[in-house]
Amino acid sequence: MRPKKIKQEISGERELFQHSKNPLIFVGTATCGRSAGALDTLEVFRQELENRNINAEIIETGCFGLCYAEPIVGIAKPGHPNVWYRNISPERARELIDCYLTKDDTLADYALGCTGGTVDGIPLLFDLPMLKPQVRRVLWNCGFISPTNIDHYIGSGGYEALRKVVSEMEPDGVIDEVSRSGLRGRGGAGFPAGRKWEGCRRAPGNEKYVICNADEGDPGAFQDRSVLEGDPHSVLEGMIIAGYAVGARKGYIYVRAEYPLAVNYLEIAINQAREKGFIGENILGTKFSFDLEIFQGAGAFVCGESTALTLSIEGNRGMPKSLPRPRTTEEGLWGKPTVLNNVKTFANIRWIINKGADWFAEVGTEKSKGTAIFSLTGKIANCGLIEVPMGITLREIIFDIGGGISGGKAFKAVQTGGPSGGCLPASLLDIPVDFDSLATVGAIMGSGGMVVMDDGTCMVDVARYFLDFTEKESCGQCSLCRLGSSQMLEILRAITAGKGKPEDIDLLSELGEAIKIGSICGLGQTAPNPVLTTIRYFRDEYEAHIHKRECPARVCRELISYHILPDKCKACMICLRNCPVGAIKGGKEEVHVIDQDKCSRCGVCMSLCPERFSAVECIPGRLSEGDSK
Amino acid sequence: MMEKVSFTIDGLEVIANKGDTILKAALEHGIYIPHLCYHPDLEPFGGCRLCMVEIQGKGLTISCKASVEAGIAVITESPEINKVRRIAAELLIANHERNCLECFKNPECELQKIAGYVGIKEERLSRLKRTNKKLPIDDSNPFFSRDLNKCILCGICIRTCDEIQGVGAIDFAFRGPDTRVSAMKDKPIIESECVSCGECVVRCPVGALIPKTTQRPAREVKSVCCYCGCGCGIKLGVRGDVIVSVQGDVGNPASKGRLCVKGRFGIAEFVHHPERLTSPLIRKNGKLKESAWDQALDLVADKLKHYSPQEVAVIASAKCTNEENYVMQKFGRVVLGTNNIDHCARLCHAPSVAGLVQSFGSGAMTNSINEAEDAACILAIGTNTSVSHPIIGLRIKRAVENGGRLIVANPMKIDICRFADIWLRLRPGTDVALLMGMMKVIVDENLLDSSFIEQRCQDFDVFKDSLSNFDLDFVEQITGVPSKDIAEAARIYATSKPATILFYTMGITQHSHGTDNVLATANLAMLTGNVGKPSSGVNPLRGQNNVQGACDMGSLPNVYPGYQAVSDPTIREKFESAWGCGLPSSPGLTLVEILEAAYQHKIKALYLIGENPVLSDPDSQHVREALSRLDFFVAQDIFLSETAKLAHVVLPAASFAEKDGTFTNTERRVQRVRKAIEPIGDSKPDWWIVCQIAERLGAKGFNYSHPFDIMEEIRSLTPSYGGMSYQRLEKGGIQWPCPTDDHPGTPILHTKIFSRGKGRFIPLEYIPSGEMPDENYPLILTTGRSLYHFHTGTMTRKVTGLNTIEPEGTVEICHDDASKLGIAQGDKVKVSSRRGEVITKAEVTEALPPGVVFMTFHFAESAANILTNPKLDPVSKIPELKVSAVKVEKL
């Protein structure tokens, strides 16, 4: 079912900034920005403003999710629309100060877009192809406010939902609203949030807990991190409301230790919220008390699983507990009823309370309501973070929003849901992305990672890569995951090294099936997914590796060859001189030839051969001495 | 009555108890479902995935974790199940050694069983990668080795160490393919908290944990462990005439199959040790020379007949059987005409007997070991339970697991402190103050059990008045324990329902006011109504394997068997009539008094059996001197102990494994000890030796042919043992009192009335210890035990492995005191007291409070009792082994 296109009021300008007398300079200094050099850019602004005695306020913000455009800077001069700029290096920062801040040259060449009005020559920010189709609810504040200033959050309507809940609503009413909204857990499993909260509320006992799973272990996933770095209060507000609804007095945010910036921002946010009376005893003057604590993970992917996570908080080894076992909502942390939800699930709560369940459910499909956040990475033109209605197709995401494959190559596959997910081919691009549709083709939405691949990606190698990750992260408890992943990895390594055997594909399938059915937890149950889906949709690649000893994508070193085309070679000697193993024979007027036995297939020759000659090609399969292609 | 649930497995109707798992129900009904990580003693784990079954209409589930439900239809075989089961089994086997014939575990290996059930084909296995890991074998523990290459990661060893032992020395470590069972920091297990109990070894389903000093026996004989008073059931495994293994007897109600390192690994080696006495020895020209039995026995009889009853004494043995102790005290009284009969109970629980007789009328442990697990609260005072009574220590930890509260009162930081809700760190010798202080809180806050006091007790008011001397400020000042902790402990003790159980050992008794200490515990229990019901009472934990029995059998100067007073004319007449002779009417000398009398040359002849006073009694130099002054000294033992070395005649005795008889454990349970092998060398059972001497002295009534006959005689004279026939004991131990053949035995004493009728409150006052520190001897020496050695080490120091783990004695001292004296860890030091000096090694530890040092008494070469103070408790005559003043100097 195609989702309705909803026009949502999205403003880049916040009321709280509109009456600022001085110019405002927004600099995106979350992790993406920092890795692009935003701190140097920030330093330039600080220095220059001081040196030149300019009265402007610098506001450090989180990420928009336009990773390709970092460092992003926004300048809001009083009485003018905001102009947002892309890839602002320290030099460009100085230019911005010289030309726009102090004069009137908008430097449209550097601009991304504008908000809060029109500017000649600069498109509207939200008309950008990457932003236009998005429905930004969870990401609404990200990039537009300072995550370390609670007044920004409050000034954009923050903590209104909490106020409404504690002063006007009963806990059952809150749960009712959340249930009606159709919100399903955004951590990957998609369990209805309202039902989970209801289960916890009904469980006997008056010691209950709320836990936010901010472990985000999928390699390459950064949705949760961006929310925590851009708008941490939205998560806190959701947790406090959850506490009210289920009757908990204490909450934990389990953040992976590899997110020090997020941890830092959360600590600041919690302290500020406590000062304002949103956390602690007698919140907003009511009888409701709730406290929050941060708990840092210790570097284990498996601790993102709910029972392992609670064991970890209890100080134990994070080994998931086998079913059948009591539900976490009945016996969770320290054996007490516990609600455990993902960062993005909590971030949705305040919208449901403020705008209502019906509003929330206007977007999305029948069974998957609301928006989902995806991280787009890999061979895609516009990489970054996007928030779109559930039900949008893969095609729309990758081509409309993502801008298609970078470098103009052909789309080959998309891996959804991280190392637990599956690889889907072009033929499945029109599948709507929601909790249920992807499962029918062997993939999962998971927590929203999407890795796009072009024909330069070897699918067998991809399966090997992901299995390598899950094998190492297995907690080791059950024989199937611990030993089975090792077995499958060994086989894949052998295949990519040119030592595959004909029965390997069937063996991989047999092992994969058994591991899926028999493992204790989600890690084991989904570890075979990359293998099983690549076998299902890209079996020909496996067969090429095994039977023909060829890597069609030209990735697996043992199964490719480099070859100098005799009619193109101009004997310039560049490759010959740079070959690290001295495998190229030839001379000044002599066409160069690669000695296949010596060649280590490093690819240096091909990268150095001048483009106008393009005399070196990489071909699947191994050439032997005397072969010509 | 357990609620029943009816359901089907593969179409067969199964009726199980509500709360059982499907796997447990299946196995109990003889239906096998493959499993590796399941063990009936442990919580289900669900790691091996082999026990997967299908519940029709619900899908696949793990049967070791799934509870039975009425009406479900369970299927154990299906293509879907086999998909998982077969792959799981094949993966485990592909990564495992396959030379089963060379493995110790063959044929009891669970993995072999799985392979046989699932059916293993080489062509399928060859598709799977074989493991190439080669982890080094951990041989560090002297008793078992760990081969992690054979480990299947079922976690049973880890869960055993955690759930059953409460030690937690091992856990899963690392991740992914590197996951393995590991001790802290992946160090060899000998460097960890492991207590070498071997419980993991007996449960490992495969050959990853292998005992080193064990072989498979040809036959097994059920007996009782010879070490401590827990009385754990054991099975001696015999091959030929050698004991090759010792297993726990799971049917034993006290131990349920659990053993400590001494019981499991420390028996066979000492029984067969080359230093076992194999022939009688007679001293000629200052040296002990081998002789024949007749020669030795004749000599002993000949010599003993020259001494008057006042000049002679018998020291009986808490390690010998009931039958033997009976014969020993009968010998003393009938043959030598003396009541100078005593044994090492004098050094340990004499105050318990003397005290509890006054309070309750009976001096024994009131409740049973099992009941500890269900206690709402446990007060463990003066007992390092997990070290001295390991099996009871397990029960205490289990009780805490089950939600019970634990209060520990001990000057030292002992193992069970970490399980405790409150640890009262009192100064040595201040227990009366602590307990009376607690009782004052209970009375002041009206937490006492008035109806119990009213109906069941007497003399409350006088006692209550004596509490006024124990306000908390005073108690805090004396004991060093903060008032609020004392009050908190008192409240917890008094208000825990349904009952609080109190355990104590030497920390209460070995004081010059030990009897008062015991009376204090009795007062406390009665005050709160914690006597006479399950999981309550006052429970002295007896040390030796048969010290309870030795006391029961009357190896005491003032009572006959059954605690019947020698001074009571009616009772004396009964025994005179049974034994056919006149009997002495006044109580004899106690142990320390006997030795003192020997020193004074008033006692001239001594017949000592199975005891080692040179190491166990206070003031060792004095003891040696005393023994050397004897005109005639006969020692009877299994080894030439430090004491036996001083004898004129040494008679070789058979160990517990070489004779029949009974032991009585600390919970009054009389259990059969059975002969497994013939006596080593020319040694003879103790009862035979005593009877031979008796007959040579012309006595009648000593011609027993078997311990069975002795027990029949005991039964006829000892009301509490009246129903203890060998026929009944064959089926299992019975707790006395058991007066008649159809009486079931008595798990709990004083249930309706106290043995003396009403329980008696006794007022107390605080009396300081005999020798307090001063500027010459500024530290308090307190003594105690270790897990690895037993008492004077006569048996454990013959076991290589135990000596490896704990090779020597030390003096434990805290960091502050050590650094003030310039002492570092491992330094050689001299510890001296007014009685003597000892050279030993310093162990710097945080377990001691400042001002107190600690030594065990297991090591002859660093003998703590050279230093200790023989000041006696006036009532029970126990010496003050727990408090003496010493100084420590670096050498």
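Labels below follow one simple rule: chain letters A, B, ... track the order of the sequence lines, proteins then strands, and each chain is numbered from 1.
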How many angstroms lie between [atom1] in [X] and [atom2] in [Y], if you round to the nearest 0.5 Å?
X	Y	atom1	atom2	value
B/L128	A/I491	CG	CD1	7.0 Å
A/S486	B/N95	OG	CG	7.5 Å
A/L323	B/T61	CG	OG1	7.5 Å
A/M319	B/D171	CE	CG	7.0 Å

Ignoring hydrogens and geometry, is there a side-chain-to-backbone donor-acceptor pair from A/S479 to B/C48 under 3.5 Å?
yes
Donor-acceptor pair, distance only, cut-off 3.5 Å: does the side chain of A/R317 make one with the backbone of B/F174?
yes
Residue pairs passing the salt bridge (charged side-chain N to carboxylate O under 4.0 Å, His left out) test where at least one lies in residues 475-504 of chain A, sequence neighbours excluded:
A/D468-A/R493, A/E490-A/R493
I'd like to know whether OH of A/Y465 has more than 12 heavy-atom contacts from other residues, nucleotides or ligands below 6.0 angstrom.
no
Considering non-hydrogen atoms only, spot the tightest contact between A/G518 and B/M52 and give its length.
CA-CE, 3.8 Å
Does any backbone or side-chain atom of A/A494 lie under 4.5 Å from a heavy atom of chain B? Answer side chain, backbone, both or neither.
neither
Residue part contacting chain B, namely of A/T470, when any heavy atom lies under 4.5 Å
neither
Should A/E510 and B/R127 count as an ion pair when the cut-off is N to O under 4.0 Å?
yes
Test side chain to side chain donor-acceptor pair (under 3.5 Å) applied to A/S322 and B/R49, step by step:
CA-CA 9 Å; A/S322 163; B/R49 319 309 283 166; 3.0 Å; yes
